[in-house]
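Remarks on the structure that follows.
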Amino acid sequence: MSDRRLRNVYQNLIGSLERDSLVQNTTDKLRNSLQVDRVVLYYFYEEWSGQVTFESLSNVQFSIFGATGPDECFNDKYAAMYLAGRVKAIKDIAQAEITECHRNFLLDLQVRANLVVPVLTQDKLWGLLIAHHCQSPHPWSNSDIELMRAEAKNIALSPAIQNS
């Protein structure tokens, strides 16, 4: 292998490690700050298809690592709203005005409350940063929402993410 190819492999590996460390540290920090059961990053690997690639958990029983989501529920309409910066905070899934498809999906994941913030890179919906509380309803404060927005922006502006 040439020195140049070896350097490229090394740089890609370092970039991946930096990205992974950033996202894991962010999800851990948010879960502790928000005092919730789970914070995940849902990464879009192609248009509106993705999966949970990182998670921070209060208990391993809440793991949804690798979950791919309900493609039939997440369509162009919702993607456009998140691309425009939409933040969705639901205190109690049981009481929320959401589609049955979405409610059933969240209930299958043991979600009682959720907060979803887009991770936007170069006018692209790169992923969703999501906080879940599984054991009970959870009111989201303005400071909770602003913290999630700030962390999503930090992820999006990171060179490790910009280059991925």
Side-chain angles (χ1 to χ4, degrees), residues 10-46 48-70 74 78-79 81-94 96 98 102 105-164:
Y10 178 75
Q11 287 173 341
N12 287 340
L13 180 60
I14 294 298
S16 293
L17 291 172
E18 288 174 358
R19 180 199 62 221
D20 292 359
S21 179
L22 169 70
V23 176
Q24 191 62 62
N25 289 338
T26 300
T27 56
D28 289 342
K29 174 184 168 185
L30 285 168
R31 186 182 54 77
N32 289 323
S33 295
L34 300 172
Q35 297 182 351
V36 293
D37 294 312
R38 174 174 56 217
V39 174
V40 303
L41 177 79
Y42 186 87
Y43 168 70
F44 291 102
Y45 50 81
E46 61 183 44
W48 321 147
S49 293
Q51 72 182 93
V52 173
T53 55
F54 291 89
E55 65 183 0
S56 178
L57 307 169
S58 65
N59 187 308
V60 71
Q61 76 180 9
F62 298 124
S63 179
I64 59 170
F65 187 79
T68 57
F74 193 85
Y78 290 107
M81 288 190 284
Y82 283 112
L83 191 55
R86 174 193 198 199
V87 171
K88 184 71 173 175
I90 300 176
K91 174 184 175 179
D92 187 354
I93 298 304
I98 56 177
H102 192 73
F105 172 72
L106 293 172
L107 290 172
D108 285 345
L109 298 177
Q110 299 176 295
V111 176
R112 277 299 301 272
N114 79 332
L115 174 57
V116 183
V117 176
V119 178
L120 301 168
T121 60
Q122 303 164 2
D123 299 324
K124 177 181 154 196
L125 183 56
W126 186 83
L128 299 171
L129 194 55
I130 306 168
H132 288 155
H133 199 59
C134 302
Q135 301 177 65
S136 62
H138 186 85
W140 304 104
S141 69
N142 287 337
S143 62
D144 293 341
I145 294 167
E146 288 311 309
L147 177 61
M148 285 279 285
R149 280 184 171 158
E151 294 299 335
K153 187 174 182 177
N154 286 341
I155 290 172
L157 293 176
S158 165
I161 300 300
Q162 294 285 322
N163 297 328
S164 68

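In what follows, every heavy atom counts, from backbone to side chain, and hydrogens, waters and symmetry copies are set aside. Owing to the predicted nature of the structure, the values given are computational and were not obtained by experimental measurement.
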| field | Residue pair Phe44 / Trp126, side-chain heavy-atom distance below 4.5 Å | value | no

| field | Under the side chain to side chain contact (heavy atoms under 4.5 Å, CB included) test, residues paired with Ser63 that sit two or more places apart | value | Glu55, Leu57, Phe65

| note | Residues at least two apart in sequence or cross-chain that pass side chain to side chain contact (heavy atoms under 4.5 Å, CB included) with Leu83, listed by chain then number, are Leu120, Leu125

| Neighbour count >12 (heavy atoms, 6.0 Å) for atom CG, Asn142 | no

| message | Quick one: does any side-chain atom of Asp144 pair with a main-chain N or O of Leu34 as donor and acceptor, under 3.5 Å? | response | no

| request: Inspect the surroundings of CD in Gln35 and state if more than 12 heavy atoms from other residues, nucleotides or ligands are less than 6.0 Å away. | output: no

| said: Looking at Tyr45 and Gln51, would you say the former's side chain and the latter's main chain have a donor-acceptor pair under 3.5 Å? | reply: no

| query | From Gln61 CD over to Asp37 CG, what is the distance, rounded to the nearest 0.5 angstrom? | reply | 8.0 Å

| query | Roughly how far, to the nearest 0.5 Å, is CD1 of Ile64 from CD of Gln110? | reply | 9.5 Å

| Distance, nearest 0.5 Å, that separates CG of Leu109 from CG of Asn114 | 10.0 Å

| request: Under the side-chain contact (heavy atoms from CB on, under 4.5 Å) rule, what do Leu30 and Leu129 come out as? Steps first, then yes or no, please. | output: CA-CA 10 Å; Leu30 285 168; Leu129 194 55; 3.5 Å; yes

| pair Pro118-Arg86: side-chain heavy atoms closer than 4.5 Å | no

| When you look at Phe62 and Val40, which way does the side-chain contact (heavy atoms from CB on, under 4.5 Å) test go after all the steps? | CA-CA 11 Å; Phe62 298 124; Val40 303; over 6 Å; no

| message | Whether the side chain of Tyr43 engages the backbone of Leu128 through a donor-acceptor N/O pair (distance < 3.5 Å, no angle test) should be reported. | response | no

| task | Decide yes or no for Ile98 and Leu106: does some side-chain heavy atom of the first lie under 4.5 Å from some side-chain heavy atom of the second? | result | yes

| Given the rule in the side-chain contact (heavy atoms from CB on, under 4.5 Å) test, do His138 and Val36 qualify, once you have shown the distances and angles that lead to the verdict? | CA-CA 8 Å; His138 186 85; Val36 293; 3.9 Å; yes

| query | To the nearest 0.5 Å, how far apart are CD in Gln122 and CG in Leu157? | reply | 10.0 Å

| request: Decide yes or no on side-chain contact (heavy atoms from CB on, under 4.5 Å) for Phe54 and Asp20, but give the supporting numbers first. | output: CA-CA 8 Å; Phe54 291 89; Asp20 292 359; 3.3 Å; yes

